[in-house]
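See structure below.
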Amino acid sequence: MENLSTDLDRKGLIKKHEFIRVIIQCLYSLGYEESAACLESEANVSYKSAEFKLLESQILGADWDDCLDTLYGIKDLTDEVRASAVFLVFKQCLLEILSRGDDSMALALLRKQISSLNVGKEKVHKLAFGILSGNEMGKVEDHIISELRKRLLTKLEKVLPPPITLPERRLEHLVEMAVSAQIDSCMYHSSIDAVTICEDHHCGRDQIPTETYQILTDHKNEVWFVQFSNNGQYLASSSSDCSAILWEVMDDGELRLKHTLQSHQNPVSFVAWSPDDTMLLTCGNAEVLKMWDVQTAVTLKREFTCGTLMATRLRLGEACGCPSQEIHMWDIAGTWAKPLKYKGHMQNKYVIRSCFGGFNSNFIASGSEDSNVYIWNRRSSDPLEILVGHSMTVNCVSWNPKRPNLLASASDDHTIRIWGPCSSDNMKP
């Protein structure tokens, strides 16, 4: 006879009979009942344990006393689980007693046995209220009784622990966990495409921006800020040349100049998009805040005075009280005891801006005073990629929210670099 207790893997983690059991359950859940029954017969393995098969026979045959004896006889059940399972059986038994019109027997069952179960008073009171209100009374057809017994078995499958029962869709759950673990361990994963289970999952560097795709040279001085629009169709940049520029992202991922906004008298240190991307705010140093129509480049408002925090290029030591060589990521919900920290870039003199990006915001990008762009996977404090190309401090980065492999960086070398993956075909949304 075949030894079903043997292990299937070298590490001894997978028992053969357990593996067959979850396969049979999966076949049944997928509707392949004949195949499942055939495998049960050939392997001499049932996905239902001996204890549960006995319960199934007793419940479908309305052998309630034997059913209760079986539940009380199962070892290693916690008191809470046993009480929950017994309550479900009593509830079905009570319904069938009421269906026969034996109200006195039903009340005796409720008072003497159900009320003594450790399942919480609320459940017992709710059941009692159903009797008093008549919701549980009245003749119930035999076919409905049969269906309710089957539903009871389904509920017991969820209450009773393994190995007495198998958790619902166990094989699917195990495969999903394995795929999720591979995705979580893939440091470059940044794709919305479905993951195949036919091979191990692994993403390459082409999933994130790693190479210069385009260099924008229209600013005449240091570029201090860049930000993609919320819809990913535009990029706004601001510079110490007293201008801001609107760029349009084309279908192939290239950027083209749309408008140059030149009415500021001082360097423009900051820009911000409206939620619907129809308007843009620009802030000049110690000057005014201007609101622009994105399509026409017409100024809509110009009488707001900029605050000094956004209007001056502060030294980090002056702004925060101490220099730092780290990026800190905080949990807004407040559940983390400490922030996650990311290191590797240089930040001693100026404010350097960082951003989230990639699929599901799995990555962090930052400028640096060493003229490089740094990219981290959020799960690691060490840089995943260091992008070389700028010749002076990189002040700001912005990751396109709709194109997870498109990144912009602004530098003191007067340029904006657009970074893309190794293959430009991947730039398309």
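Residue numbers run from 1 in the order of the sequence given.
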Are the aromatic rings of W376 and H345 close, with centres under 6.0 Å apart?
yes
Which residues share a side chain to side chain donor-acceptor pair (under 3.5 Å) with Q182, sequence neighbours left out:
D200
Among side-chain atoms of D241 and S243, is any donor-acceptor pair under 3.5 angstrom?
yes
With E56 via side chain to side chain donor-acceptor pair (under 3.5 Å) - residues at least two apart
K48
Tell me every residue that passes side chain to side chain donor-acceptor pair (under 3.5 Å) with D276, counting only those two or more places apart in sequence or in another chain.
S274, T278
Can you say whether the rings of F359 and H189 are parallel (under 30°), tilted (30 to 60°) or perpendicular (over 60°)?
perpendicular
Once the angle between the rings of F363 and W399 is folded into 0 to 90°, is it parallel (under 30°), tilted (30 to 60°) or perpendicular (over 60°)?
parallel
Using side-chain heavy atoms (C-beta onward) and a distance below 4.5 Å, is Q92 in contact with L148?
yes
Got a sec: does the CD of E147 have more than 12 other heavy atoms crowding it under 6.0 Å?
yes
To the nearest 0.5 Å, what is the distance between OG (S411) and NE2 (H219)?
12.0 Å
Give a yes or no on this: more than 12 heavy atoms of other residues, nucleotides or ligands lie within 6.0 Å of atom CG of D79.
no
Intermediate values then yes/no, side chain to side chain contact (heavy atoms under 4.5 Å, CB included), S368 and V394
CA-CA 5 Å; S368 176; V394 180; 5.6 Å; no
Are any of the side-chain heavy atoms of L261 and V268 separated by less than 4.5 Å?
no
Run T196 and H201 through side chain to side chain contact (heavy atoms under 4.5 Å, CB included) and show every step you take.
CA-CA 8 Å; T196 177; H201 175 73; over 6 Å; no
Heavy atoms from other residues, nucleotides or ligands near CD1 of I144 exceed 12 (cutoff 6.0 Å)
yes
Excluding sequence neighbours, so at least two apart, what forms side-chain contact (heavy atoms from CB on, under 4.5 Å) with S146?
K150
Side chains of W273 and V294: does their closest heavy-atom pair fall under 4.5 Å?
yes
From T210 OG1 over to R205 CZ, what is the distance, rounded to the nearest 0.5 angstrom?
4.0 Å
Would you please name every residue forming a side-chain contact (heavy atoms from CB on, under 4.5 Å) with N266, sequence neighbours left out?
N285, E287
Count the heavy atoms belonging to other residues, nucleotides or ligands that lie under 6.0 Å from CZ of R82, then report whether that count exceeds 12.
yes
Hits for side chain to side chain donor-acceptor pair (under 3.5 Å) against R151, two or more places apart or cross-chain, chain-then-number order -> none
Less than 4.5 Å apart, side chain to side chain, heavy atoms only: is that true for S49 and R21?
yes
So do the side chains of K158 and K155 get within less than 4.5 Å of each other, counting heavy atoms only?
no
Let me confirm one number: the CD1-CG distance from I208 to L406, rounded to the nearest 0.5 Å.
13.0 Å
Identify whether the distance between the nearest side-chain nitrogen and carboxylate oxygen of E172 and R169 falls below 4.0 Å.
yes
To check you understand the geometry: which heavy-atom pair defines the closest contact between L235 and F228, and what is its length?
CD1-N, 3.6 Å
